[in-house]
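In what follows, a single structure is set out as C-alpha cells and then discussed.
First the proteins, then the strands, lettered A, B, ... as listed; each starts at 1. Predicted model, so just to flag it, every value in this text is computed and none were measured.
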Amino acid sequence: MIQLYNTLTRRKEPFNPLEKGKVKMYVCGPTVYDFFHIGNARSFINADFVHRYFRYLGLEVKFIMNLTDVDDKIIKKSNEEGAGFSAIAKKYSDAFHEDIRKLKILPATIYPAATAHMADIIAMIEKLVEKGFAYNVEGNVFYDISKFTGYGKLSGKNTEELEAGSRVEVNSEKKNPLDFSLWKKAKEGEPYWESPWGKGRPGWHIECSAMSCKHLGKTFDIHAGGSDLIFPHHENEIAQSEAANGKPFANYWLHFGFLNIDSEKMSKSLGNFFTTRDILQKFQAETLRFFYAQTHYASPLNFTAEALEAADSGRLKIDNLFFRLEELAKDALPDDSLFREEYARFEEAMNDDINTPKALAVVFDAVKDINRHLAESNTATAYLASAKKFIQHTAGDVLAVLGEAKKEAGLESKLIELLIQLRLEARKEKNFALSDKIRDRLKEIGVILEDGKDKTSYKIV
RNA sequence: GGCGCUGUACCCAAGUGGCUUAAGGGGAAGGUCUGCAAAACCUUUAUUCGUCGGUUCGAAUCCGACCGGCGCCUCCA
C-alpha cells in the first residue's frame with residue numbers, strides 16, 4: 001500500500017485512488033516564457049518518479065500537465081523580443097518538450113494549453129459569477145474569497161491573519177485584498193479573447209481549475225506542484241473548483257521541495273539559476289536525475305557542482321555493473337524466484353511516500369551483492385539475467401538513472417575489437433609501452449578499456 | 001507578525017520510540033586482483049544524531065526552552 005504525504009491533511013495517508021487500478025494526476029507545468037531552470041526540473045523529475053512508479057505497479061495513469069501560454073510574463077517577453085506572444089509561447093513550449101524528453105521524463109497523457117481552453121475557462125468563470133462566488137467590476141472579474149468557507153484549508157492560513165500581514169498592494173476594485181483575478185480586462189496592445197465581460201484574458205489560477213476538470217473530472221486523485229504554489233495558486237484552485245463544481249477537488253496534494261543555491265531558493269526573480277540546458281551541456285540527464293533521487297522529493301536540496309560530480313560517480317557504479325550484466329547475461333532467461341527480497345525492499349521504500357533515497361540504497365545493496373557474485377566464477381546465467389532485470393526495472397524503469405549503452409554494432413565496434421586484439425598481442429610479448437599507448441589513446445577519444453580475467457571489455461563515454 | 005519546513009560523519013543523505021551502540025552514495029586511507037591501470041571486492045572513516053533540560057524500562061526519534069538555516073504570506077517549480 002502506497003503512503004503519500006498529503007499537504008491537505010498534513011500527514012502520510014494510504015493512497016486509495018478513486019477508481020481501482022487507475023490514477024488521475026495533475027501537475028502544474030511551466031509558464032512558457034523562458035527555458036526552464038534546474039529547480040523547475042527538480043519538480044518535473046520528482047513528478048516523473050511518482051508517475052513511473054505508478055506505472056511500474058501496473059496502474060493506469062492519466063497524467064495531465066498544463067502549459068500556461070498566456071500571462072503577464074509572456075506578454076512582457078514578447079515586448080522585449082519584439083515577437084508576438086504566441087510566437088514566444090510556441091518557442092518556449094517547443095523548448096520545454098525538448099528538454100523534458102532529454103531528462104527522460106515520461107510524456108504526460110495530455111499537455112493542455114490555456115489558450116486552447118478559453119471556452120472551458122469562460123464557462124467556469126460564468127458559473128462562479130452565477131453562483132455568487134465572483135463579481136465583475138468593469139470588465140475585471142474577481143473571486144470573492146469571503147464566499148468560500150474553506151478558503152485557507154490547504155495552506156493552513158486564515159484570512160484574517162493574511163489580511164493583517166498582507167503586503168499586497170490594495171486594488172480598489174477588489175472587495176477584499178485577497179480576492180484574485182479570474183478574468184483580466186485587456187489593456188491596449190495586449191492579447192485578448194471575447195467574453196461576457198468584454199475583451200480580456202484569464203487570470204492565472206482559473207486555467208488549472210478549468211483544464212483539470214475537463215481532462216480529469218471534478219474530483220481526481222493527485223494534484224502536485226512546487227511548494228511555492230501552495231499559496232496562493234493551489235489554494236485558489238481549490239476555491240474555484242469546489243465552488244463551481246460543488247464537489248471535492250483533488251484528494252491528495254503533493255508538494256516538491258526547492259532546489260537551493262547557497263542555501264537560497266533558486267528562482268528566476270533572484271537571478272540565481274541555471275537552465276536545464278546549461279547543466280545538460282556538462283552532465284548527463286541521468287546524473288541530474290540521480291542527484292535528485294538521492295534526496296526525498298519534499299526536502300530542500302542544495303545545488304553545487306561538487307554534489308553533481310559525486311552523483312555522477314555514484315551513478316556510474318550502477319552503469320558499470322549493468323553493462324557488464326548485459327554482456328554476460330546475453331539472452332538468458334531470468335529466474336523470477338530470485339531477487340524477490342530486493343524487489344520487496346525497493347517497493348517498500350517507494351511505497352513510503354516515494355522514498356527515492358531509500359530505494360536507491362536498496363539498488364546499491366543489490367549492486368554490491370551482484371558484484372560479489374560476479375567475482376565468483378561460473379555464475380548461473382539465470383542469475384545474471386535476473387540481476388539485469390532487477391537493475392533494469394528499478395534503476396532503469398522507475399528512477400531512469402541508467403545510462404544508455406553507447407556501443408554500436410557497426411564498423412566502429414569492429415575497429416575497437418581489432419585494436420583490443422592487437423593490444424592483447426603486444427601484452428603477450430610484454431610490449432607494455434605499446435599496449436599502454438593503445439589504451440591511453442583510446443581513452444583520449446572516449447573509449448575506456450578494462451582488462452578482465454580472460455577478456456578485455458570496453459565502454460564508450 | 002502569522003503559518004510551515006529544517007539542523008544526522010569531511011560532503012550529500014535515509015532513518016520519527018526498542019529490529020539501528022545510525023542505511024546508502026561521494027571523498028579519503030590501507031589491502032586483494034592486475035605487468036601497470038581501470039573496474040570490482042574487503043577493511044577503516046558518527047558510542048553519536050544543533051544545545052540544554054524533561055517524559056520513558058528504553059529517544060536521533062516524544063515534550064519544552066534556546067541557538068542556527070530555509071520557505072510561504074507578492075509573480076515563482
Check this one for me: any side-chain N or O of [X] less than 4.0 Å away from OP1 or OP2 of [N]?
X: S299(A); N: A14(B); result: yes
X: R372(A); N: C42(B); result: yes
X: K368(A); N: C42(B); result: yes

Looking at [N], does its base get a donor-acceptor pair with the side chain of [X] below 3.5 Å?
X: R315(A); N: G25(B); value: no
X: K268(A); N: C75(B); value: no
X: D451(A); N: C36(B); value: yes
X: N260(A); N: G71(B); value: no
X: R439(A); N: C36(B); value: yes
X: K265(A); N: C76(B); value: yes

Looking at every strand, decide which applies to [X] at a 4.0 Å heavy-atom threshold: base, sugar-phosphate, or nothing.
X: G39(A); answer: base
X: N46(A); answer: nothing
X: N355(A); answer: sugar-phosphate
X: H255(A); answer: nothing
X: F432(A); answer: base
X: F256(A); answer: nothing

request  = Taking atom C1' in both C49(B) and A23(B), compute the distance separating them and give it to the nearest angstrom.
outcome  =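 These two C1' atoms come out 14 Å apart once rounded.
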Choose from [options] the nucleotide whose nearest atom is closest to any side-chain atom of [X].
X: L259(A); options: C70(B), A77(B), G25(B); answer: A77(B)
X: K358(A); options: G15(B), C36(B), C72(B); answer: G15(B)
X: A361(A); options: G2(B), A77(B), G24(B); answer: G24(B)

Can you tell me the distance, in whole Å, between the [atom1] atom of [X] and the [atom2] atom of [N]?
X: N158(A); N: G2(B); atom1: CG; atom2: C1'; result: 8 Å
X: I230(A); N: C73(B); atom1: CD1; atom2: P; result: 10 Å
X: L301(A); N: A77(B); atom1: CG; atom2: P; result: 17 Å
X: K443(A); N: A37(B); atom1: NZ; atom2: C1'; result: 8 Å
X: N320(A); N: G26(B); atom1: CG; atom2: P; result: 11 Å

Between [X] and [Y], is any side-chain donor less than 3.5 angstrom from a side-chain acceptor?
X: Y92(A); Y: D69(A); result: no
X: T356(A); Y: Q294(A); result: no
X: N176(A); Y: S146(A); result: no
X: S413(A); Y: E417(A); result: no
X: D353(A); Y: Q3(A); result: no

query = For the residue pair H393(A) and Y56(A), does the interplanar ring angle fall in the parallel (under 30°), tilted (30 to 60°) or perpendicular (over 60°) class?
reply =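 If you compare the ring of H393(A) with that of Y56(A), the planes turn out perpendicular.
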Pairing nucleotide - C62(B), Watson-Crick or G-U, each distance under 3.5 Å =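 Its partner is G54(B) (Watson-Crick or G-U wobble, both distances under 3.5 Å).
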task = Could you check which nucleotide pairs with C76(B) in any of the strands shown, counting Watson-Crick or G-U wobble with both distances under 3.5 Å?
result =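 Partner of C76(B): none.
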